[in-house]
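Residue indices begin at 1 and follow the sequence shown.
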Amino acid sequence: MDLTFIIVVFAIGFIGSFLSGMLGVGGSIIKYPMLLYIPPLFGLVAFTAHEVSGISAVQVLFASIAGVWAYRKGGYLNKQLIIYMGGAILIGSLIGSYGSSFLSEQAVNVVYGILAVIAAVMMFVPKKKMDDVPLNDVTFNKPLAAILALIVGIASGIVGAAGGFLLVPIMLTVLHIPTRMTIATSLAVTFISSIGGSVGKLVTGQVDYWPAAIMIVASLLAAPLGAKVGKRMNTRILQVILAFLIAGTAIKIWIDILT
């Protein structure tokens with residue numbers, strides 16, 4: 001490891017974790033393509049898709065818990081939603097992360113590309129105006145939340161993402177949860193999901209420890225900062241930023257898969 005390697009990996013972790021805290025995603029939607037494409041631009045050896053998914057899985061664990069800590073006050077964490085979706089997504093992520101070791105590099109990237117497209121489409125679907133509803137009055141379909149979380153867990157476990165970039169559009173569009181509650185609660189569910197994903201990647205030897213350690217340090221610094229910024233931003237702006245971020249990533253991934 002030279003200084004350039006440390007700086008590049010730290011910068012990727014910092015930027016991704018800042019956006020993670022601000023938008024309520026684990027950060028893999030940003031860090032996955034950055035880890036794949038940015039190191040070679042600086043003359044560094046490219047990570048494989050399996051290495052990227054392993055590093056992302058462990059790093060998201062720390063980015064999400066740091067974001068949750070920043071949102072712990074204010075009533076934004078919906079405990080029932082965390083229990084129903086968290087339990088289901090943990091089971092799914094364990095299944096997906098273990099199963100990913102049997103997939104090829106191309107297959108992992110294809111799964112990631114499909115997830116990004118689904119998330120992007122959902123973010124552009126018109127949403128009910130729920131941000132004016134008192135947080136204590138928010139309700140949701142519990143069986144549907146658990147089923148969707150299980151599916152997200154399996155798919156996201158394969159690519160080393162904790163599924164935050166899918167959970168946010170699901171909570172906003174399908175479950176009709178207010179934006180700020182979605183951001184805070186999805187970080188908590190993402191943390192639970194990343195436990196399963198991290199264990200699966202570690203057990204199957206898919207984690208490169210030094211890059212993961214560098215990104216963990218970046219996460220602990222950047223995620224709380226992002227959460228503070230997210231609390232102050234207009235909710236509509238947050239939704240638009242996330243929508244375009246996911247859409248841009250989906251386009252880039254599919255261009256590389258098809259060329």
Side-chain angles (χ1 to χ4, degrees), residues 1-21 23 25-69 89-90 93-101 103 105 108-109 111-112 115 153 155-165 187-227 249 253:
M1 278 202 312
D2 60 15
L3 184 60
T4 302
F5 178 86
I6 294 171
I7 292 172
V8 169
V9 173
F10 182 87
I12 292 171
F14 193 93
I15 293 168
S17 297
F18 180 87
L19 292 172
S20 164
L23 301 172
V25 296
S28 289
I29 187 71
I30 307 134
K31 280 167 277 194
Y32 188 96
M34 288 176 76
L35 280 170
L36 275 180
Y37 306 124
I38 291 179
L41 298 178
F42 291 86
L44 302 171
V45 176
F47 291 111
T48 67
H50 281 297
E51 287 173 336
V52 169
S53 67
I55 293 167
S56 296
V58 175
Q59 179 275 328
V60 165
L61 182 72
F62 291 87
S64 54
I65 192 59
V68 170
W69 183 255
I89 204 168
L90 176 59
S93 64
L94 281 166
I95 296 169
S97 60
Y98 179 76
S100 68
S101 61
L103 299 177
E105 300 279 312
V108 172
N109 281 332
V111 170
Y112 186 82
L115 294 181
S156 60
I158 290 173
V159 298
F165 67 96
L187 281 169
V189 177
T190 295
F191 168 68
I192 295 171
S193 170
S194 63
I195 295 172
S198 298
V199 170
K201 297 294 182 184
L202 287 165
V203 168
T204 53
Q206 298 182 63
V207 178
D208 194 336
Y209 292 103
W210 278 114
I214 294 169
M215 294 192 71
I216 286 169
V217 173
S219 299
L220 295 175
L221 294 172
L225 294 176
T249 300
I253 289 288

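Counting all heavy atoms, side chain and backbone alike, Ser17 lies closest to Gln59 at OG-NE2, 3.0 Å. Scanning all heavy atoms of the two residues, the minimum distance from Leu90 to Ile192 falls at CD1-O, 3.4 Å. Taking all atoms of both residues into account, the shortest heavy-atom contact from Gly153 to Ile89 is CA-CG1, 3.5 Å. Scanning both residues, Pro211 and Ile55, for their nearest heavy atoms gives CB-CD1, 3.7 Å.
Note: Phe47 CZ to Ile38 CD1 = 11.5 Å, rounded to the nearest 0.5 Å. A distance of 12.5 Å separates CD1 in Ile216 from CZ in Phe10, rounded to the nearest 0.5 Å. Considering CD1 of Ile7 and CD1 of Ile12, their distance stands at 12.0 Å, rounded to 0.5 Å. Separating the CZ atom in Phe14 from the CG atom in Leu220 is a distance of 11.5 Å, to the nearest 0.5 Å. Taken to the nearest 0.5 Å, the OG1 atom of Thr190 stands 11.0 Å off from the CD1 atom of Ile65.
The shortest side-chain heavy-atom distance between Leu44 and Asp2 falls under the 4.5 Å cut-off. Thr4 places a side-chain heavy atom less than 4.5 Å from the side chain of Val8. You'll find the side chain of Trp69 stays beyond 4.5 Å of the side chain of Pro224, heavy atoms only. Side-chain contact between Ile214 and Phe5 is present, with heavy atoms from C-beta onward closer than 4.5 Å.
A donor-acceptor distance shorter than 3.5 angstrom exists from the side chain of Ser64 to the backbone of Leu61, with no hydrogens or angles considered.
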